[in-house]
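Every number for a ligand or one of its atoms is a count from 1 in the order of the listing. Owing to the predicted nature of the structure, the values given are computational and were not obtained by experimental measurement.
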Amino acid sequence: MEIKNNYLEKVITLDGPAGSGKSTIAKMLAKEMGYYHIDSGAIYRAYTYAVIKKIGYLNSPEEFGDVFLKEKINPEQFSLQVYFENDTQIIKLDTEILNEQLRTRELTERIKYIADNISYRYKVNQILRDLAVRYPVIVDGRDMGTEVFPESRYKFYIDASIEVRAKRRYEEYIQNYKKNHIDIEEIKKEIQKRDEQDKNRKIGALKIPEDAIIIDTSNLTRNMVLNLLLTYLQKKF
Ligand code: CDP
């Protein structure tokens, strides 16, 4: 029992809503501490990508959700591997390494069906725990401190105002896709919708772990957030 729980000493969880900056901070923190960063959202995105490859985008997210449920597509039928290479998380579907293709708006609109599904949550949690047993990890997501690693000693909840989160996402889209016809108000609505979905899902919902340190990044630079986290961690380690 003791050995099994030992690995939790080396797990740092960062939960928070879309656009709060947790992935960026988790990456910086991992580099600083010599830990490995796991982006759990990217694994949900990868399974969504795998399902899209199988059934297509269809006419709407709702139709996609209906077909996904009707065809009972379970995660075991996909050969998805998550591992580290040069300290970076790699996600591979068959022989395809997944990166930018996971971050499109069309895919994001369809994640809900996969993230709400118990088989996929179970599978992703298993992947995360397997990695955490083997590596010291900083893992970001929605339910890391509450459901996946409730016994981890170091938990943070990273938040920011809806305006700041929408602005960050907007800038990300402009930079990545060189599109400037995106409406920031539309992005704000998308984020609000996803907040609703994330907070109200039956299992794995986004919530603040009881023993988490809450950080609002709305008015802080990345380096300020990083230093804040390091200060908290130094006090605890
Ligand atoms: O980057 P962004 O914050 O937009 O999202 P993400 O972290 O890549 O996660 C994408 C979606 O996966 C989220 O909106 C959640 O619905 C879902 N997710 C989840 O259900 N549980 C997690 N631990 C991580 C992500």
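No side-chain heavy atom of Glu190 sits under 4.5 Å from any side-chain heavy atom of Thr108. Glu196 is not listed as a side-chain neighbour of Lys193, based on a closest heavy-atom distance of 4.5 Å or more.
The contact shell of ligand 1, taken as protein residues with any non-hydrogen atom closer than 4.0 angstrom, comprises Ala18, Gly19, Lys22, Ser40, Gly41, Tyr44, Arg45, Arg103, Ile111, Ala115, Arg121, Gly141, Arg142, Asp143, Met144, Arg169, Arg194, Asp198, Arg201.
None of Arg121, Lys112, Arg142 except one satisfies the side chain to side chain donor-acceptor pair (under 3.5 Å) rule with Tyr44; the exception is Arg121. Paired with Tyr49 under the rule side chain to side chain donor-acceptor pair (under 3.5 Å), one option of Lys54, Arg110, Glu96 passes, and it is Glu96.
Relative ring orientation between Tyr135 and Phe84 is described as perpendicular, the plane-to-plane angle rising above 60° on a 0-90° scale split at 30° and 60°.
By the 4.0 Å N-to-carboxylate-O rule, Arg201 lies too far from Asp143 to be salt-bridged with it.
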